[in-house]
Amino acid sequence: MLLRNNKPLLSILRVWQICFFAFACCFGMMQSSAKIFTPHYPDFFEQYLKQDRFSIDTGADAVILYEKADFAIIIGGSQYMLRKRIRKVIKVLAETGKYYGDINESAYYDDEKTTDFSELSGVTYNWRNGTMTEDKLVKGTATYEVTNDYLINLKFSMPGVQVGSIIDYQYTIEEPLFYSLGTAYFRERIPIMYCEVNLDVPAKYEVTCMLHGTIDFKEYDDSKNNDELSIPQAYRYTKKANEISTLSRWVVRDVRGLHDEPYVANIKNYFDEVSFQVGGFASEFGSGWDKFDSWEKLDAFYENDEKFMKKIKPNAGYIRDILPKIVGKDTGRLQQAKLIYKYVRDSFQVVQNSATKPSLKQVTERKSGNEKDLNLLFQSLLQAANIPCKSIVLSTTKNVKLTKIYPVIDNINYLATLVHIYDSDYVADPSEKYNPFGILNPNCYNGYTRIIDADGPSAIMLTADQLVDRCRYVVYTISADADNYVIGIKQYFGVASGALMRRNIAEDTANLKKIILKELPPHADLIEYKAENLNDIDDRLVFKYNVKMPWKEAAVYMCPEIVNQFSENPFKSMDRLLPVELPFAVQTVYDVNLKLPERYKLMDTVRSIQYNLGDQNKYRYIAELLDSTHTLRVNTMLLLKQTYFDPTEYGALKSFFDKMLELQQTPYYFKKL
């Protein structure tokens, strides 16, 4: 969607007291000039139905032919409202492009239920037997779903979508006015032939337009009688329409899309976009401008809001009743914090989509709540135990990263907890059921993170390289009999990979065997396996399994690293446009001790090699043959402390993996004497 108004859980900053404004204004949307492109029927659709490739990107699975969004702050009853009129025309070029026929638009939903979706219509055009056909969206097929405390979703699917279709839909949303007006995308995954965004704002409002990306928008007034050739590829302008309204227009044409590449945290971080946010508005009583234009204002709001920090009540009776049962007689602060964390994590069910706003007492009684509720309950219990803690608000990798310059409210979508014990800080999120204390989901390590602190503004950086996943493989011989050669493997998971593995197995109990079999070489037979600490989240997850690999040939070729973290190079393309963003740092160690069967001799020279990638990354391979015990010992270590690689570093990263995998997958040659 052009306007993904994904109001996050924490974005509830309504413009206060607007319902008491005494005057009303009428604001008209900008009228398109003759230079502005508009699809016309039927020539436009017939032309593009016959076209199956576009020079702007011949490999695209769809192309946006036309996109228009009109924003306006309007009077709606007794309060100001945000109105958005959206129209989008998309040509489907491949099977994967049919996805664009499923539309999901979200809007703010308040207690008064004043959000309104209207004027929804759509047509799917197809070229059948030399004739253009139309499949119209049936009235009443759209669904509306309240997804959490503050969001309602509009969902509908266009009929008759197939490869070659053109889908054309439009709708209007009126919603209570937020500080955030939404985000317009001028570059996304698929090419855009034409995109226009119009903004109509009352003069009493100050709207901040935060531009992100590489498109150079020229200042250009297309309402004047200019020559067609003089119109820039991307332009914008703002002007006063009258004494009570300011009009702005943003237009782009012929913008190439961005393709997904492996190991990109969120491709939307590289889209070209503009976010519109109310920075202030004129007071009704002549006292100047009420501003919301800094992180400090956001901190103050959260601190004083009854749905957030004011919800924490460490002295409440229900908190005092349950705290002694949780911590018992333990007086150590760190241990108490871990016990409280374990109680909330293990005793409460996470309810993702809640249309209610329960108090923490109700959350405690129901033993369920959303991520925010469980973190605020956790903080209430910590404060009751006199353990310092703060809320931290952040943008997960699903959203665009935050910056310290300005709080883009739409991008704040998560709340976690910062615990301070003596001289150390710990991050924690008890709504994550498979994480131990002190670890967040890798999606939370997404840069700038704001601490809600009444004593003064503060922030921390949560970056992927701070989360180190330490894994270890131990491979040893159980039986060295050539006809019954059995090795044992112990696989110790790190905190990040362990949490992911526990989640996968919890969703499918048969996954344990599937995962192990997938990692083994084809000639290996799994004869025994088990998992240790699978349900003990605070202990290390361990897989133990035995594998039978008979030596029956006169010549045997074997790689000592029986299982590998990487079976192939994930970086296959020769070049890359976007940076590589690993979800966490990696430290993987292999300890291999293989006693060779009698009468077999190693015919190769053992290898000892180290590859370096900059100062922070290396792969070390050390092997030796102990003649006295007829044992091959191999020790390897992969260390990737660096998690972000600029596109200019991509070639070196790809080469590093190529060399590492070639070494791992080159077998030793054993000959039977």
Side-chain angles (χ1 to χ4, degrees), residues 7-13 111 147-151 298-323 325-327 336-396 409 412-421 425-433 435 437-441 444 449-455 458 460 462:
K7 298 295 191 301
L9 181 62
L10 302 180
S11 300
I12 62 161
L13 305 182
D111 294 332
T147 58
N148 61 39
D149 296 356
Y150 311 105
L151 284 182
L298 178 67
D299 293 345
F301 178 86
Y302 284 143
E303 280 286 350
N304 294 290
D305 190 77
E306 293 292 338
K307 298 183 180 70
F308 290 92
M309 305 312 296
K310 287 290 184 181
K311 218 172 184 181
I312 298 175
K313 295 179 173 59
N315 295 318
Y318 65 93
I319 295 291
R320 294 197 306 270
D321 289 343
I322 61 177
L323 183 62
K325 301 173 185 176
I326 300 170
V327 300
Q336 283 187 344
K338 289 182 177 181
L339 289 170
I340 294 170
Y341 175 84
K342 181 178 174 64
Y343 164 74
V344 179
R345 181 195 65 193
D346 297 347
S347 304
F348 288 75
Q349 180 183 0
V350 179
V351 181
Q352 296 289 352
N353 299 324
S354 171
T356 62
K357 304 176 181 66
S359 66
L360 291 189
K361 183 177 182 181
Q362 291 171 320
V363 170
T364 306
E365 292 169 346
R366 299 172 186 175
K367 288 289 190 292
S368 67
N370 59 30
E371 292 92 342
K372 180 198 71 173
D373 294 332
L374 298 194
N375 274 279
L376 294 179
L377 175 60
F378 177 47
Q379 292 170 35
S380 289
L381 290 163
L382 288 172
Q383 290 185 19
N386 295 315
I387 299 174
C389 63
K390 302 287 183 184
S391 284
I392 55 176
V393 292
L394 54 90
S395 169
T396 66
I409 300 168
I412 301 172
N413 70 328
Y414 211 82
L415 182 145
T417 302
L418 183 71
V419 186
H420 184 77
I421 298 175
D425 287 328
Y426 303 86
V427 288
D429 176 15
S431 70
E432 274 292 332
K433 298 305 179 185
N435 281 349
F437 178 81
I439 298 296
L440 299 178
N441 188 300
C444 293
T449 303
R450 193 72 184 180
I451 303 173
I452 306 304
D453 190 347
D455 297 328
S458 55
I460 57 174
L462 291 176

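As the structure is a computational prediction, the values presented were derived from the model and not from experiment.
- Across V427 and L462, no two heavy atoms sit closer than the pair CG1-CD2, 4.1 Å.
- Nearest approach of I340 to F378, heavy atoms of both residues: CG2-CD1, 3.6 Å.
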Practice task
Apply side chain to side chain contact (heavy atoms under 4.5 Å, CB included) to the pair E432 and L440, showing each step before the final yes or no.
Solution key: CA-CA 8 Å; E432 274 292 332; L440 299 178; over 6 Å; no

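- Between L415 atom CG and I392 atom CD1 the span is 7.5 Å, to the nearest 0.5 Å.
- In this structure, OG in S359 is found 12.0 Å from CG in L376, a value given to the nearest 0.5 Å.
- Listed by chain and residue number, D346 satisfy the side chain to side chain donor-acceptor pair (under 3.5 Å) test with K342 (two or more places apart in sequence, or in another chain).
- Looking at residues two or more places apart in sequence or on another chain, you find a side-chain contact (heavy atoms from CB on, under 4.5 Å) between A384 and P314, I319, L323.
- Distance CZ/R345 to CG/D429: 11.0 Å, rounded to 0.5 Å.
- Between S431 and N375, the shortest heavy-atom distance links the atoms OG-ND2, 4.3 Å.
- Among all heavy-atom pairs drawn from F348 and T364, the shortest one is CE2-CA, 3.8 Å.
- The two residues A337 and I421 have their closest heavy-atom pair at CB-CD1, 3.8 Å.
- Judged as a ring-ring contact (aromatic ring centres under 6.0 Å, His included), and not counting sequence neighbours, the contacts of Y426 are F437.
- Side-chain atoms of N441 and N435 include no donor-acceptor pair closer than 3.5 Å.
- Taking D425 as the reference, L418, H420 meet the side-chain contact (heavy atoms from CB on, under 4.5 Å) condition, with sequence neighbours excluded.
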Practice task
Just do the side chain to side chain contact (heavy atoms under 4.5 Å, CB included) check on I322 and Y343 with the steps written out, would you?
Solution key: CA-CA 10 Å; I322 61 177; Y343 164 74; 3.8 Å; yes

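- Under a cut-off of 6.0 angstrom, the local environment of CD in Q349 is sparse, with at most 12 non-hydrogen atoms contributed by other residues, nucleotides or ligands.
- Pairing each heavy atom of R366 with each of P358, the nearest pair is NH1-CB, 3.6 Å.
- Shown here are the side-chain contact (heavy atoms from CB on, under 4.5 Å) partners of T396, two or more places apart in sequence or in another chain: L394, K398, N413, Y414, N443, C444.
- Other residues, nucleotides and ligands contribute over 12 non-hydrogen atoms within 6.0 Å of the NZ atom of K313.
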Practice task
Run the numbers on L381 and V327 for side chain to side chain contact (heavy atoms under 4.5 Å, CB included), then give the verdict.
Solution key: CA-CA 10 Å; L381 290 163; V327 300; over 6 Å; no

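- Listed by first and then second residue, the side-chain hydrogen bond (donor to acceptor under 3.5 Å, both in side chains) pairs that reach into residues 376-390 are Q379-S391, Q379-T417, K390-D453, sequence neighbours excluded.
- In this structure the side chain of N370 never reaches within 4.5 angstrom of the side chain of V351, judged on heavy atoms.
- Within 6.0 Å of NZ in K325 there are 12 or fewer heavy atoms belonging to other residues, nucleotides or ligands.
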